[in-house]
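Labels below follow one simple rule: chain letters A, B, ... track the order of the sequence lines, proteins then strands, and each chain is numbered from 1.
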Number of protein chains: 2
Amino acid sequence: MNTQFKKGVLDLCVLNQLVREDRYGYELTELISKELEVTAGTLYLILKRIKDDGYVTTYLQESDSGPARKYYHLTEKGRDYLQKQKAEWLEFLEKAGKLLA
Amino acid sequence: MNTQFKKGVLDLCVLNQLVREDRYGYELTELISKELEVTAGTLYLILKRIKDDGYVTTYLQESDSGPARKYYHLTEKGRDYLQKQKAEWLEFLEKAGKLLA
DNA sequence: ACATACTATTATGTATTGCAATATAGTAAA
DNA sequence: TTTACTATATTGCAATACATAATAGTATGT
């Protein structure tokens, strides 16, 4: 899969998985990987980024089967950002679509 | 406009403008700029890249009003590449769409 | 004890775009 | 004729985001 296509969109895909419920990193890796080819390393970098940017907060939680999980929770700022970026993405698709028609 | 969204797609937009007719660099800059924010520098890098990759050939032609124009012509290889990449782009959009729904 | 699955992290490399500057040839204006 | 502006092409450096690969810790099953 063309690596470049994902640039800028993966963030949104991750954030979008957090709209309804908090999720932990490994879980997100699997969710995203079902559709797009992404490695754990890439995912965790994104998670670090969106945390540094204040779009998510995190907390640890014990697990029955394995190491503790770090859960990611979408903040209001993150919700706003996601909404605006999704709109911008759709706008971009429309314009690019004209050039690719 | 989110810079990252364009990664990998600008190539296709440029190549797609060459399907029906040869065009010169400056002309392409204007065509693309009508829809997407791109600077000349970026466009010319793309043109250099797709030439190095053998997707286009070039030739100079005098102009009535200004310096000679460098025209870009789509090769068979370029046509194939464009077709495949467009398909891959659509496939990517479908998958990303699921994650963004 | 060992392999395996689950979970998280980090270092280094690569590709693409942004920004800004340079350069040259005409044309219009002062 | 000097100036300025438009048309055209090119290049260098910085910033960003993804890929790859390696590391590490915990629990479970054999």
Side-chain angles (χ1 to χ4, degrees), chain A residues 1-15 22-33 35-53 55-56 58-72 85 88-89 92 95-96 99, chain B residues 1-15 22-33 35-53 55-56 58-72 85 88-89 92 95-96 99:
Chain A
M1 178 187 320
N2 187 321
T3 279
Q4 301 298 324
F5 290 161
K6 304 171 198 164
K7 299 284 173 86
V9 189
L10 280 182
D11 291 52
L12 305 185
C13 291
V14 170
L15 288 170
D22 298 353
R23 296 187 188 275
Y24 56 98
Y26 189 78
E27 187 186 13
L28 287 166
T29 303
E30 300 217 308
L31 269 175
I32 307 290
S33 296
E35 302 297 338
L36 306 175
E37 292 166 22
V38 200
T39 64
T42 297
L43 243 295
Y44 281 107
L45 280 187
I46 290 175
L47 290 172
K48 179 165 186 342
R49 210 157 56 220
I50 63 182
K51 184 182 178 188
D52 289 346
D53 290 341
Y55 299 144
V56 296
T58 65
Y59 56 94
L60 277 177
Q61 195 167 296
E62 297 295 328
S63 160
D64 294 350
S65 56
R69 297 165 171 171
K70 187 186 270 189
Y71 278 83
Y72 292 82
Q85 283 298 115
E88 205 171 307
W89 170 243
F92 169 77
K95 291 174 175 174
L99 293 168
Chain B
M1 180 187 319
N2 188 320
T3 280
Q4 302 298 324
F5 289 162
K6 306 170 198 165
K7 300 282 175 83
V9 188
L10 281 181
D11 290 53
L12 305 186
C13 291
V14 170
L15 288 170
D22 297 353
R23 297 188 189 275
Y24 56 98
Y26 189 77
E27 187 186 13
L28 287 167
T29 302
E30 300 217 309
L31 269 175
I32 307 290
S33 296
E35 301 296 339
L36 306 175
E37 293 165 22
V38 201
T39 63
T42 298
L43 242 294
Y44 281 107
L45 280 188
I46 290 175
L47 291 171
K48 178 164 186 345
R49 211 155 58 220
I50 63 183
K51 184 182 178 188
D52 290 347
D53 291 341
Y55 300 144
V56 296
T58 64
Y59 56 94
L60 278 177
Q61 196 166 296
E62 297 294 328
S63 160
D64 295 350
S65 57
R69 297 166 170 169
K70 185 187 272 188
Y71 278 83
Y72 292 82
Q85 283 298 114
E88 203 172 308
W89 170 243
F92 169 76
K95 291 173 174 173
L99 293 169

Quick one: label B:K6 by what it contacts on the DNA or RNA (base, sugar-phosphate, nothing), any heavy atom closer than 4.0 Å.
sugar-phosphate
Within this structure, what is the OH-to-P distance between A:Y59 and C:dT7, rounded to whole angstrom?
14 Å
For A:L12 and A:G8, which heavy atoms make the closest approach, and how far apart are they?
CG-O, 3.8 Å
Could you measure the distance from the CD atom of A:Q61 to the NZ atom of A:K70? Nearest 0.5 Å is fine.
14.0 Å
Any sub-3.5 Å donor-acceptor pair from B:K6's side-chain atoms to B:E37's backbone N or O?
yes
Using atom CD1 of B:I46 as one end and atom P of C:dA15 as the other, report the distance to the nearest whole Å.
15 Å
Indicate the ring-plane relationship of A:Y59 and A:Y71, choosing parallel, tilted or perpendicular according to the 30° and 60° boundaries.
parallel
Contact class for B:E37 vs. all strands (heavy atom < 4.0 Å): base, sugar-phosphate, or nothing?
sugar-phosphate
Sugar-phosphate, base or nothing in reach of B:G25, heavy atoms under 4.0 Å:
sugar-phosphate
Nearest-angstrom distance from the residue atom CZ of B:F5 to P of C:dT16:
18 Å
Identify whether any heavy atom of B:T42 sits under 4.0 Å from a base atom; if not, whether one sits that close to sugar-phosphate; answer base, sugar-phosphate or nothing.
base
At the 4.0 Å heavy-atom cut-off to chain B, mark where contacts on DNA chain D begin and end, going 5' to 3'.
D:dA7 to D:dA17
Would you mind telling me which residue lines up with the more 5' stretch of DNA chain C, A:K48 or A:R69, judged by nearest nucleotide?
A:R69
Check whether any side-chain nitrogen or oxygen of A:K70 sits under 4.0 Å from OP1 or OP2 of C:dT9, and answer yes or no.
yes
Nucleotide C:dC6, atom P - distance to CD of A:Q61 in whole Å
18 Å
Of the listed nucleotides (C:dT16, C:dT7, C:dT24), which one gets closest to any side-chain atom of A:Y44?
C:dT7
Start at the 5' end of DNA chain D and walk down; is the nucleotide closest to B:L45 or to B:P67 reached first?
B:P67
How is A:T3 classified with respect to the nucleic acid when contacts are heavy atoms under 4.0 Å: base, sugar-phosphate, or nothing?
sugar-phosphate
At less than 4.0 Å, is any side-chain N or O atom of B:R49 found next to OP1 or OP2 of C:dT16? Yes or no.
yes
Indicate, with a heavy-atom threshold strictly under 4.0 Å, whether B:L47 touches base, sugar-phosphate, or nothing.
nothing
Assert: residue with more 5' nearest nucleotide on DNA chain C, out of B:A40 and A:Y71, is A:Y71
Beyond-backbone contact of B:I50 with B:L47, side-chain heavy atoms, under 4.5 angstrom
yes
Give a yes/no answer on whether the side chain of A:Y26 brings an N or O atom under 4.0 Å of OP1 or OP2 in C:dC6.
yes
Any side-chain to backbone donor/acceptor pair from B:E35 onto A:L99? Under 3.5 Å, distance only.
no
Measure CD/A:E27 against P/C:dC6 and give the value in whole Å, please.
13 Å
Short side-chain to backbone donor-acceptor contact, A:D53 and A:Y55, under 3.5 Å:
no
Within the 4.5 Å heavy-atom criterion, are A:D11 and A:Q85 side-chain neighbours or not?
no
